[in-house]
Amino acid sequence: MLGLLLLTAACAGIGLAESHKLTARAEFLEDFRRFLTASQAEIQYGLVPVRELVLSFQEEMPLLKNCAGRLLAGESFPKAWKQAVQEQGGDDKAFLLEFGKGLGTTGLEGQMAHVRLYQELTDTRLMQARKNCEKKGKLYRQLGLLGGAALALVLW
């Protein structure tokens with residue numbers, strides 16, 4: 001009997017873990033959106049180089065902290081960004097890699113356009129992530145619990 005309860009709890013835990021992944025993605029995109037907004041102001045009014053931009057916001061996101069550590073170790077921004085994103089993984093890896101490829105490669109107007117574009121793209125992704133969090137998150141939690149209970153009943 002205890003084994004069946006543990007099986008049900010394990011399945012419920014899997015459902016919670018999958019739901020948490022959706023929430024974590026939405027939070028990551030919110031943080032990235034804040035970084036883009038702050039970056040836009042820094043680039044436009046402070047003419048801050050990309051290296052300094054990442055270093056100044058490194059405490060805001062683990063991705064930026066990883067990239068900043070690589071920059072401080074002497075790597076170039078494109079290489080540091082690419083490696084930090086590769087370690088980050090997730091659904092947005094290609095999106096983030098493309099952002100890094102364009103950051104710091106053009107003049108002021110080009111940089112502003114690049115950041116604005118990625119703000120809009122991030123907004124779209126964030127909206128979708130929030131919808132997924134609402135719909136699929138609840139579904140994952142319920143399926144985990146009910147699937148575990150059903151499995152326990154079948155094995156009983």
Side-chain angles (χ1 to χ4, degrees), residues 1-43 50 53-71 75 77-105 110-156:
M1 189 65 149
L2 180 62
L4 296 176
L5 287 174
L6 289 175
L7 177 67
T8 302
C11 290
I14 291 170
L16 285 172
E18 290 301 312
S19 175
H20 178 70
K21 286 180 188 177
L22 296 174
T23 303
R25 179 172 182 248
E27 289 171 356
F28 173 81
L29 289 169
E30 287 170 357
D31 290 344
F32 188 65
R33 179 64 167 92
R34 279 192 293 275
F35 167 68
L36 290 172
T37 301
S39 297
Q40 185 177 22
E42 290 289 329
I43 292 169
V50 175
L53 189 66
V54 172
L55 292 174
S56 66
F57 291 103
Q58 67 179 312
E59 297 303 320
E60 304 298 319
M61 297 174 65
L63 173 67
L64 296 176
K65 188 171 190 113
N66 187 344
C67 185
R70 293 175 184 285
L71 289 171
E75 289 185 23
F77 172 75
K79 185 176 180 184
W81 182 262
K82 183 177 181 180
Q83 289 179 345
V85 169
Q86 295 288 356
E87 287 180 15
Q88 171 84 20
D91 295 339
D92 301 301
K93 190 160 89 170
F95 172 73
L96 293 169
L97 286 172
E98 288 301 314
F99 171 74
K101 283 181 186 176
L103 191 62
T105 59
Q111 291 305 297
M112 296 305 295
H114 183 72
V115 171
R116 278 192 299 272
L117 170 66
Y118 275 86
Q119 283 176 325
E120 291 172 16
L121 293 172
T122 302
D123 287 342
T124 302
R125 286 174 173 266
L126 181 56
M127 249 189 326
Q128 188 61 43
R130 285 178 179 156
K131 284 180 187 175
N132 283 344
C133 211
E134 273 182 38
K135 292 179 182 177
K136 290 182 181 178
K138 185 176 180 181
L139 177 69
Y140 288 160
R141 290 187 300 273
Q142 290 174 344
L143 280 177
L145 181 62
L146 295 176
L151 189 58
L153 285 175
V154 166
L155 294 176
W156 189 35

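The residues of the chain are indexed from 1 along the displayed sequence. Since the model is a prediction, treat every value here as computed from it, not as a measurement.
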Using 0.5 Å steps for rounding, measure from the CD atom of Gln83 to the CZ atom of Arg70. 4.5 Å
Would you name the heavy atoms of Gly137 and Leu22 that are closest together and state the gap between them? N-CD1, 3.6 Å
Measure up the Tyr118 and Phe95 rings against each other and bin them: parallel (under 30°), tilted (30 to 60°), perpendicular (over 60°). tilted
Provide the closest heavy-atom pair for Ala84 versus Cys67 in the form atom of the first, atom of the second, distance. CB-N, 3.8 Å
So, for Leu36 and Val115, which heavy atoms are closest and what is the spacing to 0.1 Å? O-CG1, 3.4 Å
Quick check: closest heavy atoms across Ala152 and Leu4, and the distance to 0.1 Å? O-CD2, 3.7 Å
Between CG of Leu139 and CG of Leu146, what distance do you get to the nearest 0.5 Å? 10.0 Å
Side chain to side chain donor-acceptor pair (under 3.5 Å) pairs, two or more places apart, involving residues 7-21: Glu18-Lys21, Ser19-Arg141
Residues Lys101, Glu98: salt bridge by 4.0 Å N-O rule: yes
So, for Cys11 and Gly148, which heavy atoms are closest and what is the spacing to 0.1 Å? CB-CA, 3.4 Å
Closest heavy-atom contact between Leu53 and Ser39? CD2-OG, 3.6 Å
Can you classify the ring geometry of Phe32 versus Phe28 as parallel (below 30°), tilted (30 to 60°) or perpendicular (above 60°)? parallel
Got a second to check how far Arg25's CZ is from Leu126's CG, nearest 0.5 Å? 9.0 Å
Flag if over 12 foreign heavy atoms under 6.0 Å of CD, Glu134: no
Spatial distance of atom CG (Asp91) from atom CD (Gln128) [nearest 0.5 Å]: 11.0 Å
Check: Leu55 main-chain N/O paired with Gln58 side-chain donor or acceptor under 3.5 Å: yes
With a 3.5 Å cut-off and no angle check, do the side chains of Gln88 and Asn66 form a donor-acceptor pair? no
Is any side-chain N of the basic residue among Glu30 and Arg130 closer than 4.0 Å to the acidic one's carboxylate O? yes
A side-chain contact here means heavy atoms from C-beta on lying under 4.5 Å apart; do Leu71 and Trp81 qualify? no
Drop me the distance from Leu155's CG to Leu7's CG, to the nearest 0.5 angstrom. 6.5 Å
Go through the steps for Ile14 and Tyr140 under the test side chain to side chain contact (heavy atoms under 4.5 Å, CB included), then give the verdict. CA-CA 8 Å; Ile14 291 170; Tyr140 288 160; over 6 Å; no
Could you go through the side chain to side chain contact (heavy atoms under 4.5 Å, CB included) check for Arg34 and Thr37 one step at a time? CA-CA 5 Å; Arg34 279 192 293 275; Thr37 301; 5.7 Å; no
Sequence neighbours excluded, the answer for salt bridge (charged side-chain N to carboxylate O under 4.0 Å, His left out) partners of Lys65 is Glu59
Candidate pair Met112 and Ile43, rule side chain to side chain contact (heavy atoms under 4.5 Å, CB included), full reasoning: CA-CA 7 Å; Met112 296 305 295; Ile43 292 169; 3.9 Å; yes
Polar side-chain atom of Gln111 near backbone of Gly104 as donor-acceptor pair, under 3.5 Å: yes
Please report the interatomic distance CE(Met127) to CG(Asp123), rounded to the nearest 0.5 Å. 7.0 Å
